[in-house]
Amino acid sequence: MKRVFSLTEKSLLGFPIQYVWQKALGNYIAVTGASHTVKIYDRHGQRKDEIQLSGACYAMDWDKDGNALAIIADKSSSIYLWDPNTMKTSMLDSGMRDQMSFLLWSKAGALLAVGTSKGSLLVYNLQTSRKIPVLGKHTRRITCGCWSSQNLLALGSEDKMITVSNQEGDTIRQTAVRLEPSDIQFSVMKTDERASPGESTISVVVGKKTLFLFNLNDPDNPIELAFQQRYGSIVTHRWYGDGYIMIGFSLGFFVVISTHMREIGQELFQAHNHNDNLTSIAISQSLNKAASCGDNCIKIHDLAELKDMYAIINLDDETKGLDRLSWTDDGQLLAVSTQRGSLSVFLTRLPVLGDTCGTKIAYLTSLLDVTVVNHVEGEVPITVSVEVEPNFLAVGPYHLAVGMNNRAWFYGLSENGVDKLKDMEYLGSVASMSLNSDYAAALFEGKVQLHMIESDGLDQEERETRLFPKTDDTYRILCHALTGDFLIYGTNTGLIKYFYLEDWQFVNEYRHNVSVKKIFPDASGTRLVLIDEKADGFVYCSMNHNLYEIPNFSPTIKGILWENWPVDKGVFCAYDEDKIYTYVFHKDTIQGSKVILAGGTKLPFSHNPVLLHNGELTCQTQSGILSNIYLTTHSFISSLTDAAPSDLKKMLTQTLMLRRFSDAWEVCKLLDDQASWNELARACLHHMDVEFAIRVYRTIGNVGMVMSLEQIKGIEDHNLLAGHLAMFSSDFNLAQDLYLASSSPVSALEMRRDLQHWDSALQLAKRLAPNQISFISKEYAMQLEFTGDYVNALAHYEKGITGDNKFQEHDETCLAGVARMSIRMGDIRRGVNQALKHPSRLLKKDCAAILESMKQFSEAAQLYEKGQYYDKAASVYIRCKNWAKVGELLPNVSSPKIHLQYAKAKEADGRYKEAVIAYENARDWDNVIRIYLDHLNNPEKAVGIVKETQSLEGAKMVARFFLRLGDYGSAIQFLVLSKCNDEAFQLAQQHNQMEIYADVISSENTSNEDYQSIALYFEGEKKYFQAGKFFLLCGQHARALKHFLKCSNTEEDMAIEMAIETVGQAKEQLLTNQLIDYLMGESDGMPKDAKYLFRLYMALKQYREAARTAIIIAREEQSAGNYRNAHDVLFSMYTELRTHKIKIPTEMATNLMILHSYILVKIHVKRGDHMKGARMLIRVANNISKFPSHVVPILTSTVIECHRAGLKNSAFSFASMLMRPEYRNKIDIKYKKKIEAMVRRPDNTEVEEETSPCPFCGFQLPECELLCPGCKNNLPYCIVTGRHMVKEDWCACPHCDFSAIYTEYKMLLDSETTCPMCSERVTARSGGTVKHLVTILP
């Protein structure tokens, strides 16, 4: 709160200080202190007068209108009366001999009550100067009193009595109280029903302890309220609202109570506002505020919500504390006296006075200060001190005007500061004023005076000033506005006139049907909002003289603000006391210009809107500050990123209503759903923003709309473009109206045709394109035919015939329609003749179908036949029983149904051969089989058909036929084929044909019950293998295994194989162990071949156990000399493990390599490559212990091949080994002498083995070495040469995927056709170089 002034003169210092505000106007305050003078100050703190008293002032008070100040003082029997209008003091002799102690003016009239120290009363009428003395009203000093609004006077005295008197001084009520009364007041208690009008309750503080309530209408039942001792004594109390009392207590508390009888005694609110003491409370009804003072601060509460603290005023320099509070009647000023003897006045409510120009705001910040700010442009605020307290102000781009009554002061605003330019008087009190950069326009008494603010004196005398209207005009101007180019005003006759400042003449005039109360133009003046005397609102566009009604316009609207943000040119808001309504004027929509209500925002109490910019509303408050409010319609501006999806949808609606498509685009990106994008696109179409609509449709992938909009975006005709967009928006009636108003009205016809709105299209065609009537009639007729309106369809088909050879196809369509409609209307002859003459086959079919539905079979069949629809023709002829015609058509008939009907007819005639052919054509195989068996005696043909067609019923018939012949095997076979498994089983049992039944049924999709029946039968016959086989088929693995293990020696191999399959399917550990025990000989002491154990592990997918078994088998085969078998076992196991990505055991890999090296020897020797053969034999001979059956032959071959290859030292080494006693005698006689000679005459020469790089690390090592000394890796070997691989010449077998040296593999395939490892057939084309080594090497 701003301090207006303080009074601390020495003459005032002293306690107590008395003061009283002028009532009603509040322009003056009378103050007295320790001195014997009363000083009069104005509301700005300027001393206006001084009244000398005879002694200390006892009391003073203003009358109800503020026209007289009455004062009583010590040592005087006169009453001082001061007139604020003349600034003079007069003396009124009271005629009372006693010292006057009390003085009070009436609330309702010019009556002054004066009480004396002896209890006498004087009532003085200021208007009539009549004095009514009343002696002995009380027996002791009158200390307090109050007037009611009905001019009743209540008085309290030291005699502990309260009296109520009328204005004549007559006592009408009196009552006694326990202690001395004080602070007496009149008011109305809160009741359900008013007992009598007027103030009927007196409240008085008794002994500063209790509150005494005395109802004049119920004098016998007064109420006395006591309060908690912790509150202290009662300082004062105030009534407010509907019977509420606020009470202040000395210890800092204030309490609110209700006087309603149901609530009396209850504290509705209590606050400890001050720590030490409370000295006064005051209530302003106009502000709806309450204030309390105590300690050294003032606290102000809002009466609507007492819990909210409105303001706190601290007076830190007042160490002795505060004394008394008092508000002016208008609530603008609050005065507080202190116990030091000073007085301070604070501004609590300013007149809400402000104006804007663009984004510049001028507003009253104190009684004599105007502040000019422009927060949008970031300009430095300017404060202008004015000479008088203004009641109007106006601001322009470079000027400020303030004024009061008929006078205005003008100030220049510049970067250098404020310059006072001039003051001007007008011919009447100014109601409002507007400024632009050069001119000022003042409205007073129905006239507007336009004049220049600063005259440059350059021959512009005629433009210096002008008064509107002219003297001969009879209208009165009610409102006006000044824009950069125009003076605009509205009159009581409904005229809105535009005066163009540049040409100094009127340029536009609009006449409204009633008087125009207010106008609010936008910045350019081309659009304005007007409010008429009916409180209706309209937007007026001066460019086209159109008026648009504002929807949902509240009659309480006080003002309009246009949006100052350039993007939202059409947005404006209307406001009343408690709400702001956001409207948007859409100039270009497919429906034309219109105004929509976008939403509403709650306006805080006592906020006056002055500026709207980008959804932010700047308001002026009573406290002289600006407050900003964001409109709810613009919530997307501040909270877009953190909004929930539901809020985003609301924001999308807001942006579309405000036509802010860029913001809507951002919202749609966050929502990211098709519906939102479509909504944005539709809004763009509605507002005719084609470019943005294309952008949206392109984003959502709507190619059709993008292409359509691209085609029309260059159209300049507004109505034609709007028509296209209305059509795209599915508003077809609007589109038609727009098309007809455009330069291309035929577009309306094209649209109706495309929409198949044929009635409308025909109406338009008559006016716009008569040559199109025939074609539209045809389309209309087709639609009518579809909906079943055959009468009108026929008429339109006939109307559609042109008779022009250029439109032959069109005419044929119409003639076809005539034919169809004639038949449907009953004119069959005309329709049939027309159809027969018509070239269309389809027409004949359609007409025939109609005739068939009408049971005109003869004509229908004729048309079907003519149209070459032979199946349909034959079908209709059958319905006519015309078998001769049917027979003629049969070669062309494909329908089995017709053939079937014909066959049945021939069978009934006994012509079986023709019948069987017809049945075959109808693919009715059951009847074919029946005739072959029953009538033509040709079972071979019947059996062939059953086997070919798998007919169940046919199989039954054949089975019964063979059963009659006694051929049980064939009967069983066909019974199974016909799914009669039970009959077939019983037949097989009866005639001992179960093996046949089992063979047949095992090839069918048979149930487990059937398999079980067969298994039980074979079990009973002790045919264990067969029983086990069928137990396996029905899933009973335990019983199947049991029977397989019981089989005789003759079936042992097959039984073990089946047992392995059984265990493999069962995957049960118990059965597995049972079979392993059997194979190991645990049950009968006869171990079975290890190959079965290997197959078992493979069936169980136990590959590691299978691998170990494979190694054992291979070892046995190897020991027996079956090297190829051993090789194949290891190879197959190797590939299986590799397929299942199981690590290959080292022993298996090594054994396979050695065995493969042995097999390669024969290949190399056969090809004459003795060096490679010798190298492989050396590898084998070094592992000779693995070849116990052929030690001597292998060593002998090694010696011979090494000798041939020039490896003399290796030959000597192995020859020496052969000379051992255990081998010497086993050497072949052909080679013995030669080998002995080698030993006797050793030759240690040796061809050095060539080297090649390690494929892993590149280390050079001998070609046949498979362990790299460099990287310690086991190297992959070539399946052709046995050498280690080199990565530059790598390939793999396409079947087994074992590596090979590409060049060697290719050379091998020139002479061999199989892979040396897997023995699969390989051609030279199959092998391929492996380009990427990483697929092979780890």
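Being a predicted model, the structure only gives us computed values, none of them experimental.
- In summary, of the residues considered (Tyr439, Tyr426, Phe468), a ring pair (Phe, Tyr, Trp, His ring centres under 6.0 Å) with His451 occurs for Tyr426 alone.
- For the pair Ser676 (side chain) and Cys668 (backbone), a donor-acceptor distance under 3.5 Å is absent.
- Among Val539, Leu561, Val584, the one residue that satisfies the side-chain contact (heavy atoms from CB on, under 4.5 Å) test with Phe572 is Val539.
- Here the straight-line distance linking atom NZ of Lys289 with atom CG of Leu303 works out to 8.0 Å at 0.5 Å rounding.
- Between the side chains of Asn508 and Tyr540, at least one donor N or O sits under 3.5 Å from an acceptor N or O.
- Side-chain contact of Ser635 with Gln654: a donor-acceptor pair under 3.5 Å is present, judged by distance alone.
- Thr589 places no side-chain N or O within 3.5 Å of a backbone atom of His586 that could act as its donor or acceptor partner.
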Inset, instruction - Before giving the answer on side-chain contact (heavy atoms from CB on, under 4.5 Å), spell out for Leu495 and Glu509 the whole-Å C-alpha distance, their side-chain angles and the decisive distance to 0.1 Å. - result: CA-CA 7 Å; Leu495 276 178; Glu509 179 180 305; 3.3 Å; yes

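- The residue from Tyr489, Trp504, Phe486 that alone fulfils the ring pair (Phe, Tyr, Trp, His ring centres under 6.0 Å) condition with Phe499 is Trp504.
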Legend entry - Working for side chain to side chain donor-acceptor pair (under 3.5 Å), residues Thr365 and Thr371: CA-CA 6 Å; Thr365 48; Thr371 301; 3.0 Å; yes

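- Around atom CD of Glu577, no more than 12 heavy atoms belonging to other residues, nucleotides or ligands sit under 6.0 Å away.
- Screening Val373, Thr618, Val610 for a side-chain contact (heavy atoms from CB on, under 4.5 Å) involving Tyr363 leaves a single residue, Val373.
- The two atoms that bring Gly358 and Asn564 nearest to each other are O-OD1, 3.4 Å, heavy atoms only.
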Legend entry - Audit row: Tyr583, Phe553, side-chain contact (heavy atoms from CB on, under 4.5 Å) steps and yes/no: CA-CA 10 Å; Tyr583 291 96; Phe553 194 76; 4.1 Å; yes

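- Using a distance-only test at 3.5 Å, with no hydrogens or angles considered, a donor-acceptor pair links the side chain of His301 to the main chain of Leu306.
- A donor-acceptor distance shorter than 3.5 angstrom exists from the side chain of Glu563 to the backbone of Gly615, with no hydrogens or angles considered.
- Between the side chains of Asp576 and Thr556, a donor-acceptor pair is found at a separation under 3.5 Å.
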Inset, instruction - Could you check Asp485 against Thr483 for side chain to side chain donor-acceptor pair (under 3.5 Å), going step by step and ending with a plain yes or no? - result: CA-CA 5 Å; Asp485 298 314; Thr483 68; 5.7 Å; no

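- Around atom CZ of Phe692, more than 12 heavy atoms belonging to other residues, nucleotides or ligands sit under 6.0 Å away.
- For the side chain to side chain donor-acceptor pair (under 3.5 Å) test, no residue two or more places apart in sequence or in another chain qualifies with His634.
- The distance from atom OG1 of Thr491 to atom CZ of Arg476, rounded to the nearest 0.5 Å, is 10.5 Å.
- In this structure, the separation between CD1 on Ile550 and CZ on Phe538 is 8.5 Å, given to the nearest 0.5 Å.
- With hydrogens and angles left out, the side-chain atoms of Glu533 and Ser515 include a donor and acceptor closer than 3.5 Å.
- Heavy-atom minimum distance, Ile580 versus Cys573: CG2-CB, 3.7 Å.
- Within a 6.0 Å radius of CD in Glu305, more than 12 heavy atoms belonging to other residues, nucleotides or ligands are found.
- Relative to the ring axis of Tyr575, Lys558 does not place its NZ or CZ within 45° and under 6.0 Å from the centre.
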Inset, instruction - Go through Ile453 and Leu435 one step at a time and tell me if the side-chain contact (heavy atoms from CB on, under 4.5 Å) criterion holds. - result: CA-CA 9 Å; Ile453 302 171; Leu435 305 182; 4.1 Å; yes

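- Nearest heavy atoms, Ile590 versus Ser729: CD1-OG, 4.2 Å.
- Scanning all heavy atoms of the two residues, the minimum distance from Phe392 to Met404 falls at CE2-N, 3.5 Å.
- To the nearest 0.5 angstrom, Cys357 atom SG is 11.0 Å from Leu611 atom CG.
- Between the side chains of Asp522 and Ser524, a donor-acceptor pair is found at a separation under 3.5 Å.
- Remark: side-chain polar atoms of Ser542 are paired, donor with acceptor, to backbone N or O of Thr526 under 3.5 angstrom.
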Legend entry - Residues Phe585, Tyr548; criterion ring pair (Phe, Tyr, Trp, His ring centres under 6.0 Å); working and verdict: CA-CA 9 Å; Phe585 175 64; Tyr548 305 97; 5.3 Å; yes

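- Under 3.5 Å, the side chains of Asp532 and His512 contain a donor-acceptor pair of N or O atoms.
- Ser284 places no side-chain N or O within 3.5 Å of a backbone atom of Asn288 that could act as its donor or acceptor partner.
- Ionic pairing of Glu679 and Arg682 is not present here: no N-O contact between side-chain nitrogen and carboxylate oxygen is shorter than 4.0 angstrom.
- Counting only residues at least two apart or in different chains, side-chain hydrogen bond (donor to acceptor under 3.5 Å, both in side chains) contacts with residues 390-399 comprise His399-Glu454.
- Residue Met433 comes nearest to Ala442 through the heavy atom pair CE-CB, 3.8 Å, listed as atom of the first residue, atom of the second, then distance.
- Trp665 carries Arg695 over the face of its six-membered ring, with the cationic atom under 6.0 Å from the centre and within 45° of the normal.
- Distance OG1/Thr621 to CG/Leu626: 7.5 Å, rounded to 0.5 Å.
- Formation of a donor-acceptor pair under 3.5 Å by the Trp562 side chain with backbone atoms of Ala523 is not found in this model.
- For the residue pair Glu616 / Asn628, a side-chain donor-acceptor distance below 3.5 Å is found, with atom types taken as modelled.
- Checked by atom type and distance alone, the side chain of Asp329 pairs as donor or acceptor with a backbone atom of Ala24 at under 3.5 Å.
- Checked against side chain to side chain contact (heavy atoms under 4.5 Å, CB included), Arg43 has the following partners two or more places apart in sequence or in another chain: Asn27, Asp330, Gln332, Leu333, Leu367, Glu389.
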Legend entry - Residue pair Thr383, Asp369: steps toward the side chain to side chain donor-acceptor pair (under 3.5 Å) verdict: CA-CA 7 Å; Thr383 300; Asp369 288 335; over 6 Å; no

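- No donor-acceptor pair under 3.5 Å is formed between the side chain of Thr356 and the backbone N or O of Lys360.
- Nearest heavy-atom pair, Met657 versus Ala598, reported as atom, atom and distance to 0.1 Å: CE-O, 3.1 Å.
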Inset, instruction - List the steps, then state whether side chain to side chain donor-acceptor pair (under 3.5 Å) holds for Thr632 with Thr601. - result: CA-CA 6 Å; Thr632 56; Thr601 307; 3.2 Å; yes

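- Here the CG-CZ distance, from Leu652 to Arg660, works out to 13.5 Å after rounding to the nearest 0.5 Å.
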Inset, instruction - May I have the step-by-step check of side-chain contact (heavy atoms from CB on, under 4.5 Å) for Val430 and Leu443, ending in yes or no? - result: CA-CA 6 Å; Val430 176; Leu443 173 65; 5.9 Å; no

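- Judged by distance alone, with hydrogens and angles left aside, the side-chain atoms of His607 form a donor-acceptor pair with the main-chain N or O of Phe605 at under 3.5 Å.
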